J.: 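Below: one structure in structure tokens.
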Amino acid sequence: MSDGLVRILDGNTFVVSDERGDIEASPTDPTGLFSFDTRFLSRWVLTIDGERMNALSVDDLQYYETRFFLVPGTGTVYIDAKLSVIRQRSVANGFHEELTILNHADKTVDLVVRIDAGCDFADLFEVKDALKKKGRYSARTSGGKLVLGYDRGPFSRATEISTTARARADAEGLTFRVRIPAHGEWTTEIHVVTARLGGGQAPKEGMDPKRERQRMQRNLEKWLHDAPRLECDSDELKRTYRRSLVDLAALRFSPPIAGGRALPAAGLPWFMTMFGRDSIFTSLQALPFTPELAATTLRALGDWQGVRLDDFRDEDPGRILHEMRYGEMTAFEERPHSPYYGAVDATPLYIVLLDEYERWTGDRGLVRELEVEARAALNWIDEYADLQGTGYVWYKRRNEESGLENQCWKDSWDSISFRDGALPGFPRATCELQGYAYDAKVRGARLARLVWKDAELADKLERDAADLKRRFNRDFWVEDGEYFALALDPAGRQVDALGSNNGHLLWSGIVDKSKAKAVARHLLGPRLFSGWGVRTLAEGEGRYNPIGYHVGTVWPYDNSFIAWGLRRYGFKDEAAAIAAGILDAAEFFDGRLPEAFGGYERSQTKYPVQYPTACSPQAWSTGAPLLLLRTMLGLEPQGEHLIVDPALPNELGHLELLDIPGRWGRIDAFGRGRVDVRTHRRTARR
């Protein structure tokens with residue numbers, strides 16, 4: 001499935017164009033050259049003798065490099081075209097483009113080649129909200145070089161465009177006058193360089209595009225070599241696995257605070273930056289494959305942990321950030337993202353990741369290094385998150401103008417509702433937040449006793465966790481439906497819609513064993529399970545919409561943690577059924593799972609229906625196949641050993657995951673498909 005856009009990226013920088021390689025961005029169109037939340041190129045159009053190009057094919061060479069094959073004009077191009085064009089583009093501090101024109105005629109041609117260039121320097125928030133700029137634009141030319149700039153007080157950005165062939169530069173682009181002999185060719189290299197600190201910044205001294213591509217290729221090869229090797233009977237699964245590893249490499253983001261180390265950016269195009277929740281979830285998914293991502297995520301989020309009360313940023317002492325931005329609106333405090341702390345789940349999840357990282361790697365040094373941050377996060381749960389004094393985690397934004405209303409992972413405005421579709425007031429206590437808090441206390445107790453040598457804290461956290469679990473199973477349980485309510489409203493009433501959040505409760509371990517079977521039955525029942533995956537909101541609820549963002553779509557990330565939760569409570573076959581559905585869906589997306597897809601019943605559509613504005617690639621969707629592999633193989637660290645307890649869909653056949661890294665060194669895991677998932681698909685249709 002394709003949306004007609006071509007994306008190349010390398011963590012901090014990405015380019016989105018059409019299939020010709022052209023960029024024509026409207027104010028709300030997420031195409032262009034972006035770096036650190038600013039669009040450095042909004043127009044980039046190639047013409048030859050005034051004619052636009054037509055695309056023949058696009059070669060996706062690597063995540064950072066693409067080649068476009070084009071012909072000019074319209075008509076029956078395969079017969080009439082006397083010229084063809086190759087544009088090869090790679091990202092690196094902007095992008096580098098090799099433009100080659102081939103003359104297929106038996107006589108010399110004289111051509112006027114034009115690149116129209118323009119920069120709106122839009123902040124990503126301005127692109128999303130169609131806001132107007134407040135600064136001053138500039139353009140200057142010198143020796144065939146074009147520098148486009150933008151200044152607003154101390155905030156300055158620039159794009160420099162240069163070429164190896166002689167060109168006439170003007171304020172709107174470059175013009176080449178070219179003579180190509182019969183059956184000859186003409187080539188130029190074009191450098192587009194971004195500057196965040198001042199107008200007219202020159203390209204990095206000594207920067208060589210060829211060497212930069214070689215460096216990136218070596219980096220990718222090492223990344224793939226260091227990851228476990230997958231051998232299986234399913235070519236589709238092998239393709240999805242490789243796609244996940246490559247996309248995860250592409251989404252590695254190195255914020256200025258990380259000292260050159262990388263953590264997962266949330267997703268392209270809107271979220272190519274550090275997110276607390278997304279980076280934590282992705283690091284959890286990737287732990288058995290690339291544990292170094294978790295270490296960087298923990299350090300970077302710890303560095304920016306909240307230290308004061310700040311209503312504009314929804315900041316509290318000990319709170320883990322939601323999102324960090326570097327654009328103009330953040331610089332002038334027109335948005336609170338410097339950073340913004342409006343996520344309630346990231347703080348307990350920080351403890352969950354720290355403990356899971358130690359369980360997997362044995363790296364107690366990092367646990368000791370982050371003891372102050374971890375204690376502050378645990379303290380935040382009790383001191384700042386309990387807005388009602390009821391012992392639960394609640395949220396209500398303090399920044400009414402630009403803060404998030406819903407501060408859980410389902411953060412759209414209508415995601416939390418009663419059965420009839422009515423919306424509760426604030427503050428809200430969603431069910432999965434209590435699960436995360438419970439898990440954080442249990443895991444925090446383990447770290448306190450094992451690493452920090454604080455038995456008193458460990459005992460307190462264990463008592464608090466047991467009390468929370470007891471109260472939660474009483475207050476959130478919907479007796480007439482036998483599932484857990486989506487949330488509590490300010491009066492303590494159950495917000496009684498049925499949602500996928502129940503699966504996160506299994507993952508956290510907060511569900512009483514006596515209730516787990518009923519929860520699993522709902523997750524694989526016809527209202528929630530589409531056959532492709534578990535819907536975010538059950539069919540039949542007041543706000544259910546199969547293509548509503550958080551009210552009926554299927555999220556691969558969500559399903560990967562639901563499957564992990566089912567395994568925790570012993571529901572191996574059910575976990576395998578969810579894994580099979582999501583991995584089947586991946587085949588229709590060429591191995592790259594999107595952020596979300598439609599919740600239509602599987603037999604109704606025969607293929608997963610694409611959600612129109614889903615991020616792709618997106619980090620926690622990229623990580624979903626990795627966690628599903630862990631879940632199907634039943635990989636769990638236990639002391640210095642790795643437990644392997646496979647339960648695979650029979651359609652996968654034989655599966656091997658080789659050289660799994662961890663505290664045990666490297667180890668192999670094997671499994672063979674024995675679970676018949678068709679039973680669960682038939683159940684979903686009833």
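Because the structure is a prediction, the values reported are computed rather than measured.
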J.: Quick check with a 6.0 Å cut-off and a 45 degree axis cone: is Arg277 positioned over the face of Trp620's six-membered ring?
T.: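 No - Arg277 does not lie over the ring of Trp620 by the 6.0 Å and 45° rule.
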J.: Donor-acceptor pair, Asp10 side chain versus Phe14 backbone, under 3.5 Å?
T.: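 Answer holds: no.
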J.: Run Phe121 and Tyr137 through side-chain contact (heavy atoms from CB on, under 4.5 Å) and show every step you take.
T.: CA-CA 9 Å; Phe121 294 100; Tyr137 291 96; 3.9 Å; yes
J.: Quick check for you: to the nearest 0.5 Å, what is the distance between His337 atom NE2 and Leu124 atom CG?
T.: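 Those atoms lie 11.0 Å apart.
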J.: Please assess Asp18 against Thr31 for the test side-chain contact (heavy atoms from CB on, under 4.5 Å), listing each intermediate value before the final yes or no.
T.: CA-CA 8 Å; Asp18 64 22; Thr31 58; over 6 Å; no
J.: Under the ring-ring contact (aromatic ring centres under 6.0 Å, His included) test against His322, which residue among Trp409, Phe275, Trp304, Tyr341 passes?
T.: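 So the option named by the test is Phe275.
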J.: Checking the side chain of Asp123 only, and the main-chain atoms of Met329 only, is there a donor and an acceptor separated by less than 3.5 Å?
T.: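 Indeed, once roles are kept as given, a pair shorter than 3.5 Å links the two residues.
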J.: For the residue pair Asn12 / Ser35, report whether a side-chain donor-acceptor contact shorter than 3.5 Å exists.
T.: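 Judged by distance alone, the side chains do not pair up.
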J.: Going by side-chain contact (heavy atoms from CB on, under 4.5 Å), Thr100 matches just one of Gln88, Arg87, Glu185, Glu189. Which one?
T.: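 Considering Gln88, Arg87, Glu185, Glu189, a side-chain contact (heavy atoms from CB on, under 4.5 Å) with Thr100 is found only for Glu185.
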J.: Please report the interatomic distance OG1(Thr188) to CD1(Ile190), rounded to the nearest 0.5 Å.
T.: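 Reported value, rounded in 0.5 Å steps: 5.5 Å.
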J.: Does the side chain of Gln285 pick up a donor-acceptor pair with the side chain of Ser560 at under 3.5 Å?
T.: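 Per modelled atom types, Gln285 and Ser560 side chains form a pair under 3.5 Å.
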J.: Determine whether Arg152 and Glu334 satisfy the following criterion, salt bridge (charged side-chain N to carboxylate O under 4.0 Å, His left out), listing intermediate values before the conclusion.
T.: CA-CA 14 Å; Arg152 179 185 172 192; Glu334 295 164 347; 2.7 Å; yes
J.: Got a salt bridge between Arg39 and Asp120, using NZ or NE/NH1/NH2 to carboxylate O under 4.0 Å?
T.: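 Salt bridge present between Arg39 and Asp120.
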J.: Under a 4.0 Å threshold between the charged nitrogen and the carboxylate oxygen, would Glu51 count as salt-bridged to Arg20?
T.: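 Looking at Arg20 and Glu51, the cut-off is not met.
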J.: Between Arg325 and Phe125, is NZ or CZ placed under 6.0 angstrom from the six-membered ring centre and within 45° of the ring axis?
T.: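 Judged by the rule, Arg325 and Phe125 form a cation-pi pair.
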J.: Ignoring hydrogens and geometry beyond distance, is a side-chain donor-acceptor pair present between Thr297 and Ser283 at under 3.5 Å?
T.: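 Yes.
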J.: Look up atom CZ in Arg43 and atom CD1 in Ile23, then write down how far apart they are to the nearest 0.5 Å.
T.: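 So the CZ of Arg43 and the CD1 of Ile23 are separated by 10.5 Å.
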J.: Any salt bridge linking Asp235 with Arg239? Criterion: basic side-chain nitrogen under 4.0 Å from a carboxylate oxygen.
T.: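 No, Asp235 and Arg239 are not salt-bridged.
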J.: Determine whether the side chains of Gln618 and Tyr557 contain a donor N or O and an acceptor N or O closer than 3.5 Å.
T.: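 Not at all, the side chains of Gln618 and Tyr557 share no donor-acceptor pair under 3.5 Å.
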J.: Could you tell me whether Arg218 and Glu221 make a salt bridge, using a distance below 4.0 angstrom between a side-chain N and a carboxylate O?
T.: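 Not counted as a salt bridge, because no side-chain N and carboxylate O are separated by less than 4.0 Å.
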J.: Less than 4.0 angstrom from a charged side-chain N to a carboxylate O is my criterion; do Arg229 and Glu231 meet it?
T.: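 Answer for the salt bridge query: yes.
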J.: Do NZ/NE/NH1/NH2 and the carboxylate oxygens of Arg52 and Glu24 come within less than 4.0 Å?
T.: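 Counted as a salt bridge, because a side-chain N and a carboxylate O are separated by less than 4.0 Å.
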J.: May I ask you to say whether Arg299 pairs ionically with Asp303, meaning some side-chain N is under 4.0 Å from a carboxylate O?
T.: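 No salt bridge links Arg299 with Asp303.
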J.: Does the side chain of Ser84 pick up a donor-acceptor pair with the side chain of His104 at under 3.5 Å?
T.: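 Yes - a donor-acceptor pair under 3.5 Å links their side chains.
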J.: Are any side-chain N or O atoms of Thr194 and backbone N or O atoms of Thr159, one a donor and one an acceptor, separated by less than 3.5 Å?
T.: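 It does not hold such a pair.
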J.: Assess whether a salt bridge exists between Glu333 and Arg313, defined as any Lys/Arg side-chain N lying under 4.0 Å from an Asp/Glu carboxylate O.
T.: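 Salt bridge flag = yes for Arg313 with Glu333.
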J.: Under 3.5 Å, is there a donor-acceptor pair between the Asp247 and Tyr63 side chains?
T.: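 Side-chain D/A pair, Asp247 to Tyr63: absent.
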J.: Would you say the side-chain atoms of Tyr549 and Glu595 include a donor-acceptor pair closer than 3.5 Å?
T.: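 Indeed, the side chains of Tyr549 and Glu595 share at least one donor-acceptor pair under 3.5 Å.
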J.: How far apart are the C-alpha atoms of Leu83 and Val71, what are their side-chain angles, what is the distance that settles it, and do they pass the side-chain contact (heavy atoms from CB on, under 4.5 Å) test?
T.: CA-CA 6 Å; Leu83 296 173; Val71 291; over 6 Å; no
J.: Distance under 6.0 Å and angle within 45° of the ring axis: does Lys133 meet both against Tyr150?
T.: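 Yes, Lys133 and Tyr150 form such a contact.
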J.: Run Ser412 and His550 through side chain to side chain donor-acceptor pair (under 3.5 Å) and show every step you take.
T.: CA-CA 7 Å; Ser412 55; His550 290 128; 2.7 Å; yes
J.: For residues Phe95 and Trp44, establish whether the separation of their ring centroids is below 6.0 Å.
T.: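 Yes: the rings meet the under 6.0 Å criterion.
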J.: Quick one: is the NZ or CZ of Arg157 closer than 6.0 Å to the six-membered ring centre of Phe155, and within 45° of its axis?
T.: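 Because its charged atom sits under 6.0 Å from the ring centre and within 45° of the axis, Arg157 does stack over Phe155.
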J.: Give the intermediate values and the outcome of ring-ring contact (aromatic ring centres under 6.0 Å, His included) for residues Phe176 and Trp186.
T.: CA-CA 11 Å; Phe176 306 87; Trp186 172 85; 5.4 Å; yes
